[in-house]
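Since the model is a prediction, treat every value here as computed from it, not as a measurement.
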Amino acid sequence: MAKKSESSIENRVYLFESLASSYVAAASDALGSKDSAERERARRALAELAYVSCVVADTGDLSPVAVRERLLSAPAPERKSARRGKRNK
């Protein structure tokens, strides 16, 4: 994979900071919820915002339609195993 330029990395950080600050302000209850499923959904939303920030920052040479298509065609993240952390005996 090619190295990202410093400006691309700065753009990623700036975009994520902007998107995440708005999301955190709107979803602070979910992020601090006692319900672990609700907290997990909120964390996943932040992860999606990070992904979107990277794609948008790294595709400045593409048209908005092409960037949209790239975002929509992204593979879904793999689900964690329910047995995570447990050993088979």
What pairs of donor and acceptor atoms, side-chain ones from residues 66-74 against any protein atom, are under 3.5 angstrom apart with sequence neighbours left out?
| from | atom 1 | to | atom 2 | distance (Å) |
| --- | --- | --- | --- | --- |
| S73 | OG | E69 | O | 3.0 |
| S73 | OG | R70 | O | 3.3 |

Listed pairs under 3.5 Å, donor-acceptor, residues 18-34 side chains, sequence neighbours left out:
| from | atom 1 | to | atom 2 | distance (Å) |
| --- | --- | --- | --- | --- |
| S18 | OG | Y14 | O | 3.1 |
| S21 | OG | E17 | O | 3.1 |
| S21 | OG | S18 | O | 3.1 |
| S22 | OG | S18 | O | 3.4 |
| S33 | OG | D35 | N | 2.9 |
| S33 | OG | E38 | OE1 | 2.9 |

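For the pair V56/R12, no side-chain contact is recorded, criterion being any heavy-atom separation below 4.5 Å from C-beta on.
Connection of I9 to V52 is not established within any shared hydrophobic cluster, with ILVMFWY side chains joined at heavy-atom distances below 4.5 Å, either directly or through further cluster members.
Summarising the geometry, atom CG belonging to L49 is positioned 11.0 Å from atom SG belonging to C54; distances are rounded to the nearest 0.5 Å.
Between E48 and R44 there is no salt bridge, since no side-chain N of the basic residue sits under 4.0 Å from a carboxylate O of the acidic one.
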